[in-house]
2 protein chains.
Amino acid sequence: MRAEQKERTRLALIAEARRLFAERGYADVGLTEITAAAGVTKGALYHQFDGKAALFRAVLESVHQEVGGHVAAAAEAEADLWTGFAAGCQAFLTASTDPTRRRILLVDGPAVLGWAEWRAFDEAASAFHLEEAVAGLMRAGLLPERPTAPLTRLLSGAMNEAALWLASEPSALDDTRRALTELLESLRCR
Amino acid sequence: MRAEQKERTRLALIAEARRLFAERGYADVGLTEITAAAGVTKGALYHQFDGKAALFRAVLESVHQEVGGHVAAAAEAEADLWTGFAAGCQAFLTASTDPTRRRILLVDGPAVLGWAEWRAFDEAASAFHLEEAVAGLMRAGLLPERPTAPLTRLLSGAMNEAALWLASEPSALDDTRRALTELLESLRCR
DNA sequence: CTATTTCGCATACCGACGGTATGTCAATTG
DNA sequence: CAATTGACATACCGTCGGTATGCGAAATAG
């Protein structure tokens, strides 16, 4: 079938683009290199995507879905609401630190798509879980009742930055996980 | 004097580049437009800087210095150690939200220079104050004794993200300032 | 089983961009 | 005042993202 062939090309382009973007960054990778790695030509790329930014968007989407999946899985594996929340945060930290995701997700993402669009993706994936969790914890009396959005942004940013930092200081992993746990605990209602 | 002329050209290029980068982002502004706005040609630019990225580096440096100055001024205006810390954080939030700084500092900065180099700039300016403050608060017994670096990164990231978010939700300013204050207070030793 | 259409993709090409090599002229210096 | 420096302009190059067009195989109709 032709549709299968089309999908194969799409997936190959996304996979190779993701690999190269993760290694060297969006700006330093040309379409020629991506298409060559995927075994097609620029014509194929422009048949599948609206341009370089659109290809990046597709890559970012796959990254976001993976991260969101890890976060949700870790959170749901815990019975307790608070424990699930903490586990989700740690899972987010781990998933975002992964070198196949970090740069695409946290560095190039906002710059290429603009922060507003990047945030829309973030919201649809991992940040959605985070804000839902925050809201749930407030309802359960585990966090003080406040507007959820600002706290969610603060927490999201803290974890994003920590993930980037861990890339350059991998030995600080344990300390960082502890610091994150303590930060969350300090917010908890007693 | 010739040196004065050189400095004038440098400053004009930095000023115009900053304005344009802040408005439309690094990738969408060509050197032709920058040099035209500064009243010189590309030759002058390449005489002063090693390239587009080097010009951006100079721009980022000026932004960082401004932010660092605001943070330090706000912190030193308070007599109390903790109050100065909190004021510095709020000042950082305000200074980073400014549209002439936000995009350059928080979005394009990491993408253009790479996160590692961006962080070196951050460290030299505002993050230095932050980590010093955290260390001082631990010595004074106002924060639990822990490794300073992870907590500093978490706080820095939280404020960065909040600043970006405020750009799209300016009405949330008060809520966000409160949320930041409460976050800091919750960390404080009692 | 051919004729025709469809569509995934390759090829060839364009304008614009970042970057470089070279030229020029005023300010400095001895 | 001759020689030199250096701040800058001009002209040019290679490469990139993007577009227009054509081809050939698979799907579909008669």
Side-chain angles (χ1 to χ4, degrees), chain A residues 1-60 103-104 108-114 117, chain B residues 1-60 103-104 108-114 117:
Chain A
M1 243 184 112
R2 294 252 293 282
E4 288 175 6
Q5 176 60 28
K6 173 168 180 175
E7 202 58 22
R8 265 190 49 222
T9 301
R10 260 191 88 88
L11 293 177
L13 283 168
I14 291 176
E16 295 303 317
R18 173 170 173 173
R19 186 176 57 80
L20 291 163
F21 287 159
E23 276 174 12
R24 310 211 312 269
Y26 178 82
D28 278 10
V29 179
L31 296 184
T32 309
E33 188 173 0
I34 296 172
T35 53
V40 295
T41 62
K42 272 205 300 180
L45 192 155
Y46 274 89
H47 183 71
Q48 303 277 353
F49 302 97
D50 280 345
K52 193 187 183 185
L55 172 59
F56 181 82
R57 205 171 282 125
V59 169
L60 181 64
R103 185 165 188 169
I104 291 168
D108 285 338
V112 173
L113 302 183
E117 187 178 349
Chain B
M1 244 183 115
R2 294 250 293 282
E4 287 175 9
Q5 176 59 28
K6 172 166 179 176
E7 203 57 20
R8 265 191 49 222
T9 301
R10 261 192 87 88
L11 293 177
L13 283 168
I14 292 176
E16 294 303 317
R18 174 170 170 172
R19 186 177 57 80
L20 291 164
F21 287 159
E23 274 174 15
R24 310 211 310 270
Y26 178 82
D28 279 9
V29 179
L31 296 184
T32 309
E33 188 173 358
I34 296 172
T35 52
V40 295
T41 62
K42 272 206 301 180
L45 192 156
Y46 273 89
H47 183 72
Q48 305 276 352
F49 303 97
D50 279 347
K52 194 187 183 186
L55 172 59
F56 181 84
R57 203 170 283 125
V59 170
L60 181 64
R103 185 164 187 169
I104 292 168
D108 285 338
V112 173
L113 302 183
E117 187 178 349

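If you're wondering where the values come from, they're calculated on a predicted model, not measured in any experiment. Scope of the values below: all heavy atoms of this structure, side chains included, with no hydrogens, waters or symmetry mates.
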Can you check whether Gln48(B) has a side-chain N or O nearer than 4.0 Å to OP1 or OP2 of dA7(D)? no

Please name the pair of heavy atoms, one in Leu113(B) and one in Ala53(B), separated by the smallest distance, quoted to 0.1 Å. CD2-O, 4.2 Å

Nearest whole Å is fine: how far is dG6(D) C1' from Leu45(B) CG? 17 Å

Any chance you could measure Tyr46(A), atom OH, to Leu31(A), atom CG, to the nearest 0.5 Å? 5.0 Å

To the nearest 0.5 Å, atom CZ of Arg19(A) lies from atom CD1 of Ile104(A) at 11.0 Å

Find every protein N or O atom lying less than 3.5 Å from an N or O atom of nucleotides 11-13 of chain C, and list the pairs.
none

Go through the steps for Ile34(B) and Leu13(B) under the test side-chain contact (heavy atoms from CB on, under 4.5 Å), then give the verdict. CA-CA 7 Å; Ile34(B) 296 172; Leu13(B) 283 168; 4.2 Å; yes

If I take atom CG in residue Leu13(B) and atom P in nucleotide dG18(C), what distance separates them, rounded to the nearest angstrom? 14 Å

Once side-chain hydrogen bond (donor to acceptor under 3.5 Å, both in side chains) is applied, what residue pairs with a partner in residues 35-45 of chain B remain, sequence neighbours excluded? none

What are the residues of residues 19-38 of chain B, sorted by number, that bring a heavy atom to within less than 4.0 Å of DNA chain D? none

With five pairs defining each end axis, the helix from dC1(C)-dG30(D) to dG30(C)-dC1(D) comes out bent, to 10°, by 0°

Going from CZ on Arg103(B) to CZ on Arg18(B), what distance comes out if it is rounded to the nearest 0.5 angstrom? 14.5 Å

Tell me: NE2 of His47(B) to P of dT20(C), nearest whole Å? 15 Å

Using whole Å, report how far CZ of Arg8(A) lies from C1' of dC9(C). 13 Å

Distance in angstrom units between Lys52(A) NZ and dT15(D) P, rounded: 16 Å

Does the side chain of Leu60(A) reach to within under 4.5 Å of the side chain of Phe21(A), using non-hydrogen atoms? no

Got a sec, which pairs hit salt bridge (charged side-chain N to carboxylate O under 4.0 Å, His left out) with one end in residues 47-58 of chain B, sequence neighbours left out? Arg57(B)-Glu117(B)

Residue pairs fulfilling side-chain hydrogen bond (donor to acceptor under 3.5 Å, both in side chains) with at least one residue in residues 20-33 of chain B, sequence neighbours excluded: Arg24(B)-Glu33(B)

Tyr46(B) has an atom OH; how far is it from atom P of dC17(C), in whole Å? 13 Å

When every non-hydrogen atom of Phe49(B) is compared with those of Ala58(B), the smallest separation belongs to CE2-CB, 3.7 Å

If you compare all heavy atoms of Ala37(B) against all heavy atoms of Leu20(B), which two are closest, and at what distance to 0.1 Å? CB-CD1, 4.5 Å

